[in-house]
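Each remark here refers to the structure printed beneath this line.
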There are 2 protein chains.
Amino acid sequence: MPPAPQTRTSTTPMRRRLVLNGGEDIHRCLVCEIRDQSVCNAIDDNELAILAKASKQLSLPPATTLIEEGSAAQAFYNVTAGTVKLFKSLPDGRRQITGFADVGHFLGLTNAGTYSFGAETVNTVQVCRFMRPQLEILLNDYPLFERRLLAEVTDELAEAQEQMLLLGRKTARERVASFLLARMVHRPCQVKGEENIVSLPMTRVDIADYLGLTIETVSRTISSLRREKIIAGTDHHGIRVLSPTRLQGLASGQEHS
Amino acid sequence: MPPAPQTRTSTTPMRRRLVLNGGEDIHRCLVCEIRDQSVCNAIDDNELAILAKASKQLSLPPATTLIEEGSAAQAFYNVTAGTVKLFKSLPDGRRQITGFADVGHFLGLTNAGTYSFGAETVNTVQVCRFMRPQLEILLNDYPLFERRLLAEVTDELAEAQEQMLLLGRKTARERVASFLLARMVHRPCQVKGEENIVSLPMTRVDIADYLGLTIETVSRTISSLRREKIIAGTDHHGIRVLSPTRLQGLASGQEHS
DNA sequence: TGTGAACCTTGATTTAGATCAAACAATTCA
DNA sequence: TGAATTGTTTGATCTAAATCAAGGTTCACA
């Protein structure tokens, strides 16, 4: 696709020239289907060319390292397709997945010069990459963008606190139930009549590393929920929730009350 | 102390009048000793009267509820003295402390209309309280303030991720070591020659609820570290670290490598 | 379409930390 | 000052989840 001619208006300040170096299709952001799910919806329609130029779209195969733990913080990513796992590790290899970033989520924000976490694709992923200087220009020039990012980070912090409650105080059963429920609520299956299908693109190892359990415990717990007809298996990467109510009760520890 | 006369300059936009309703000493922020440790350092010296008027200083006794879990989000607090614990609970009473906010830290930021967490003072605490509308005015009028807040929340998220690694993957010994080390590093004792003294204003119950353990395990672990001469007790609320190196090794799981 | 590798499940056994129990400080306040 | 209360330590026992072990599935690709 040939790049469309630049149609900057006279009101655009000169320093925005700095971001106009991507060489990508400037219509990319205009036609982006998930824009209103992400921080990019803070940029006005007639400024989207600037956003497109500030970022570069990348398509990444499964198990690609996006961010190496401890490496220099150079880029910021917005996920437009697929799922990325974020994690922290101990020297002996123990790993904790701190979150899954799927469609509409960003990753790579940090104050330090180096990333304190790693990031790897779970499946085939599309991201828009913003290099740090470009990101800073966006933050400076678009107050709404900064506000949106603040809101997004605040939400992530609330999610992290919920996960601390899970890791510190919930049983294995409660953890698995919480996980399935959260994925059902936050990433509902789009197909009609299939609302209660939870997609699990990640492996059991990833689920275990997210829930602070072993793969054996995750597997046993899922089997047990299946035996009790609370869930039903479609295949290993999809689960149908038969009783959202019971799952909800389990997740908040109200099994025997 | 009588309130000093208002000396607003002619450049102050009219809508800032909205924040000029505190009736407090407008010099409070100017003489605030911990201003440069907090988000307030984003406000220029000659604008500090606005900050003082936008907030109200409160002195709170130990065990005061600042934020009720699930209550309407009406205020934002900046801690200027003492320590506040933030927590989340399950219906049956299990509790996870998600962090301790001490001097210089803020609390109460949320996107939702209600707080998803609770907050209670550990000891005698001084806070500056900003009501939501005032906070929003500050965010709108002072880009630096907003930027500083974004940085602060980003840091908190990184801390939360570190805590998830602790809760999900560390042993009791590693958790206690990490906790002592983090408190030593982030809240160093000011007294000269006493650099390795860690102050623990919270009870064992609080430490246990922060580390995802029971009080018995916390107590036993501290006793064991004392027996091994890695730490020495001053009293129950103070610990001297005898070997920061060994503690650091323990905290990152390198005990037997 | 078959074969190896990666992934998942189930069973037996072990263990770190929880729970139960009791004594021992420290702090409050009458 | 001392009795009550709250907080801490230590010991004995239990258990949820880890570890160890072995099959069973699924998937990629030759």
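By convention in this document, chain letters (A, B, ...) are assigned in the order of the sequence lines, proteins followed by strands, and residues within each chain are numbered from 1. Fair warning: this is a prediction, and the values are worked out from it, not measured in the lab.
Using a 3.5 Å distance cut-off with no hydrogens or angles, the side chains of B/Thr221 and B/Ser224 do not pair a donor with an acceptor. For the residue pair A/Arg35 / A/Thr80, no side-chain donor-acceptor distance below 3.5 Å is found, with atom types taken as modelled. In this structure, a donor-acceptor pair under 3.5 Å is absent between the side chains of A/Glu174 and A/Ser178.
Between B/Phe106 and B/Phe76, the distance from one ring center to the other falls under 6.0 angstrom. Aromatic ring centres of A/Tyr210 and A/Phe179: separated by under 6.0 Å. In summary, the aromatic rings of A/Tyr77 and A/Phe130 are positioned with their centroids too far apart to meet the 6.0 Å limit.
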Nucleotide-resolved protein contact map, nucleotides 3-22 of chain C, B/S/- at heavy-atom distance under 4.0 Å: -----SBBBB----SSBB--

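Along DNA chain D, the stretch of nucleotides lying under 4.0 Å from any heavy atom of chain A spans, 5' to 3', D/dA17 to D/dT26.
A salt bridge links A/Asp209 with B/Arg169: the closest approach of a Lys/Arg side-chain nitrogen to an acidic carboxylate oxygen falls below 4.0 angstrom.
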